[in-house]
Amino acid sequence: MEAVKEQWKQRVAEALREVAVDHQIDPTAVEAESVVVETPPTPELGDIAFPLFPFARIFKTAPAKIAAEVAEKLTLHSEAAAAGTVQVAGPYLNVALKMVSLAGEVCASVLDERDSYGRGQSLQGTKVMIEFSCPNTNKPLHLGHLRNDALGESVARILGANGADVQKVNLINDRGIHICKSMLAYKKFADGATPESEGLKSDHFVGKYYVKFDQWSKQDPQAEPQAREMLKAWEADDPEVTELWRRMNRWTIEGIETTYAKTGVSFDKIYYESQTFKRGREEVLKGLEKGTFYKEADGSVWVDLSEIDLDRKVLLRSDGTSLYLTQDIGTAIERHQDWPFERMIYVVASEQRYHFKVLFHVLKKLGFGWADNLYHLSYGMVNLPEGKMKSREGTVVDADDLFEQLQAMAAEEIRSKDREEHVGDVEKAAAAVAQAALNYYLLQVAPARDMIFNPEESISFNGNTGPYLQYMGARISSMLRKYEDRKAEFSDGNFQPELLEASEERSLIKLLAEYPEVVRRAGEEYNPNLITTYLYDISRTFSKFYHDHPVLHNDDPNVVITRVTLVRAILQVLQNAYFLVGIPFLERM
RNA sequence: GCGUCCAUAGCUCAGCUGGAUAGAGCAACGGCCUUCUAAGCCGUAGGUCGGAGGUUCGAAUCCUCCUGGACGUACCA
């Protein structure tokens, strides 16, 4: 579609130059770049629109008159006349495309390229590292992580679809005082219990002790100092503490990996802060030697941020230990050595904007040119219809609990529709529906905005939801199965694109043709919501199309074959787009 | 205080680099199942795009100010 628009843009520019000559104006004043290409508000007006206001000044003529003159020139171009019909609507020049060739080409390329249809080259070969999730090992994932994971995974897939060489990385926060708190509570209260002995998912088991520490510390002022003692012991490689730390981290990480598997998230490389945190300290000390940073009398090391209109920031505590920022400095440098990326994206909540501003600046100050290619993809908070999630009030929505709730609702829906026989494994289908509901709902909203997650709404099978989109794929699959059964009846038919003349068919063809553009833009903007919007658009159009235009129930085998071809192409594009936003494809539901 | 981000229908969200009467879904009301899954489709109603200026032939979109909200501004992460 982009190519088609570009062709028309050139044609209009050419016609404008001819008009310029008629008006005795220098034709070089008309540049193709200044010709704006748009889509008319309604399909009846045409498929491509050119507003001609900008030329009114150059031509000293009313835009409507220019439109008429350009239209006249275009009708004389035989090539243009063959590609579409030009019509003037006031100051707009609209083109109604002759769909036959576009329909034929689009269906052919979709069915020929299959999974690759929509893939672009805009980032061909670019090495992009993307960091997301970054859980702590003292508790399970919550709803906020789910938005992070959905965004990270989706952006990674979208960048990959634009040709980038993507590496997804996770940074597990497995050290620090908060980790020691759950360890200490376990040591004190667990009496040797294990996730198995208590029948709990292992990360939830660890989380229980983190909560327990919190309760204990409210009653006993000795709790906090003891946790600090434990951190010291950990840093001194105390064998007993290290052993406990390993065991509990393993529990948490195993549990979290189960959650990743359910929601469709994965990583190419996992970093652990326990392994990278010392690196940052070394880099800061190097910077101190070079005079990039300075030391206070108490021994703490600082960076002056006045160059970016900020105050100053501590990089090493007076006792010489690192901070969050220090660690991220080390991790970034290590990563760039491991895999020299050309771009690095951090998917982290917007509350850490300041942190990344400082981090990028510090890396730049240290002389790393690649610091310019670091990007913080920040996103807003996820709240519930009941209000904000607050960990102190225990209103944080656990990721697994939420998923389970969604899955149960989906299973209930399948049963209430008497579809158990049809879908086969109900729980498996329900899990796929839950995943679609979750990812679609989370990605539908532009990242920068705070959002409200409504579980009931997300799982609904009608409306603008993941399950609705999935349902369209299932409907097409079902239709194609029926077609395969009756194939012989239509053996006389041929694909004849001129038969696709209904307005819904025209819309569908244009949508199919636009898909590669949507993928490209989503990649440029790091924004999956362009894909979700597209998916809903094409699904709704398809839904209307097959409601009004029978595909298989048709006497003309040519119509059947032609529509089946169109429908196949739609299914292919749906599947390609599903993948980009984490919606599992279901053949039956 | 200062900084960053957000503000569109009752609710949840779209609205592309400024362009033709601002779009969906949910909720409400009303239609449509001897025909490819009614988990659907169609229609009705609902908006001075937070407010005020400005730039422009043209602003939900760009600029300034104001209001409201979120988040930062730790030797926490």
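Numbered from 1 within each chain, the chains take letters A, B, ... in sequence-line order. If you're wondering where the values come from, they're calculated on a predicted model, not measured in any experiment.
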Distance, rounded to the nearest Å, where [X] contributes [atom1] and [N] contributes [atom2]:
X: A:Asp537; N: B:A14; atom1: CG; atom2: P; answer: 15 Å
X: A:Met451; N: B:A7; atom1: CE; atom2: C1'; answer: 17 Å
X: A:Phe545; N: B:C42; atom1: CZ; atom2: P; answer: 14 Å

Tell me which nucleotide among [options] gets nearest to the side chain of [X].
X: A:Tyr354; options: B:A20, B:U4, B:G72; answer: B:G72
X: A:Leu323; options: B:A77, B:G25, B:U37; answer: B:A77
X: A:Met479; options: B:C36, B:C41, B:C57; answer: B:C36
X: A:Arg521; options: B:A77, B:C6, B:C16; answer: B:C16

Can you check whether [X] has a side-chain N or O nearer than 4.0 Å to OP1 or OP2 of [N]?
X: A:Arg449; N: B:A7; result: yes
X: A:Ser478; N: B:C36; result: no
X: A:Ser350; N: B:C71; result: no

Determine whether any donor atom in the side chain of A:Asp418 lies under 3.5 Å from an acceptor atom in the base of B:A39, or the reverse, and answer yes or no.
-> no
Side-chain donor or acceptor of A:Arg588 under 3.5 Å from a matching atom on the base of B:U37?
-> no
Using a heavy-atom cut-off of under 4.0 Å over every strand shown, decide if [X] touches base, sugar-phosphate, or nothing.
X: A:Asn138; answer: nothing
X: A:Glu38; answer: base
X: A:His549; answer: base
X: A:Ala474; answer: base
X: A:Tyr483; answer: nothing
X: A:Arg353; answer: sugar-phosphate

cation_pi(A:Arg475, A:Tyr546) dist<6.0 Å, angle<=45 = no
Syn/anti state for B:C33 [syn: chi within 90° of 0] = syn
Check: A:Phe461 ring centroid to A:Tyr468 ring centroid under 6.0 Å = no
Ring centers of A:Tyr526, A:Tyr375 separated by less than 6.0 Å = yes
